[in-house]
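A short write-up of the structure that comes next.
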Amino acid sequence: MGLFDKLAGWLGLKKKEVNVLCLGLDNSGKTTIINQLKPSNSQAQDIVPTIGFSIEKFKTSSLSFTVFDMSGQGRYRNLWEHYYKDGQAIIFVIDSGDKLRMVVAKEELDTLLNHPDIKHRRIPILFFANKMDLRDALSAVKVSQLLFLDNIKEKPWHICASDAVKGEGLQEGVDWLQDQIRAMKT
């Protein structure tokens, strides 16, 4: 059966499987974003905060995603690092309306980027500046400045403004992530 799997992969019939970590502070919209990325017939109607972590799967035209939706509550953030080694891409969600906790998001991002399982890997990071529908939301450019994203030189990254509830901005981000993953040498 292994030969048929390889043949299907070469012919593009088998989707490449990718492990993605979805990180960010609590109440940033991680679970809502993941829910929007799933096919409409498998989306949850009610979104509840993630306790610990949950695993979700969805497919795009060429990739099969396994997304580890990690809780952003302070007491669970230390769990994130247990999944860094197996992650092939990161989605980092920021609540662009939560100016007070932008410093905390920056600290968590710095901890992530300096972790030994991440630091020396060229792993793509997609940032969603979420909740752009809020009246006082910061722009994606401002979020990028506050998180000093321009200092990330050794990893491909991209930031998208998004409204997870309406699904706005999500496709652009997933398209970018998909292109980065396909370009990675396996």
Can you name the residues that form a salt bridge (Lys or Arg N to Asp or Glu O under 4.0 Å) with [X], not counting sequence neighbours?
{"X": "Lys85", "value": "none"}
{"X": "Asp110", "value": "Lys106"}
{"X": "Asp26", "value": "Arg77, Arg101"}

Open item on the list: Atom NZ of residue position Lys119 - does it have more than 12 heavy atoms of other residues, nucleotides or ligands inside 6.0 Å?
Closed with: no
Task: Closest non-hydrogen atom pair, Gly97 against Leu134 - done: CA-CD1, 4.1 Å
Task: Donor-acceptor pair between Thr66 and Lys57 side chains, under 3.5 angstrom - done: yes
So do the side chains of [X] and [Y] get within less than 4.5 Å of each other, counting heavy atoms only?
{"X": "His115", "Y": "Trp80", "result": "no"}
{"X": "Pro124", "Y": "Trp176", "result": "yes"}
{"X": "Phe65", "Y": "Leu37", "result": "no"}
{"X": "Gln88", "Y": "Ile181", "result": "no"}
{"X": "Phe127", "Y": "Ile94", "result": "yes"}
{"X": "Asn35", "Y": "Thr32", "result": "no"}

Task: Val18/Gln178 under side-chain contact (heavy atoms from CB on, under 4.5 Å): CA gap, chis, key distance, verdict - done: CA-CA 10 Å; Val18 182; Gln178 190 170 258; over 6 Å; no
Open item on the list: Under the side-chain hydrogen bond (donor to acceptor under 3.5 Å, both in side chains) definition, can you give me all pairs with a residue in residues 147-170, not counting sequence neighbours?
Closed with: Asn130-Ser162, His158-Glu172
- [ ] Could you check Lys131 against Asn27 for side-chain contact (heavy atoms from CB on, under 4.5 Å), going step by step and ending with a plain yes or no?
- [x] CA-CA 10 Å; Lys131 301 187 182 182; Asn27 201 34; 3.7 Å; yes
Task: Gap separating the CD1 atom of Ile125 from the CG atom of Leu109, nearest 0.5 angstrom - done: 6.5 Å
Open item on the list: To the closest 0.5 Å, what do you measure between NZ (Lys99) and CG (Asp136)?
Closed with: 4.5 Å
Task: Residues forming a side chain to side chain contact (heavy atoms under 4.5 Å, CB included) with Thr111, sequence neighbours excluded - done: none
Open item on the list: Just to verify, what does Gln145 make a side chain to side chain donor-acceptor pair (under 3.5 Å) with, not counting sequence neighbours?
Closed with: none
TODO: Please lay out, stage by stage, how Ile90 and Ile118 fare under the test side-chain contact (heavy atoms from CB on, under 4.5 Å).
DONE: CA-CA 10 Å; Ile90 295 170; Ile118 298 290; 4.0 Å; yes
Open item on the list: Whether the side chain of Arg122 engages the backbone of Met184 through a donor-acceptor N/O pair (distance < 3.5 Å, no angle test) should be reported.
Closed with: no
TODO: Could you check Leu23, Leu21, Leu25, Leu149 and say which one makes a side chain to side chain contact (heavy atoms under 4.5 Å, CB included) with Phe92?
DONE: Leu23
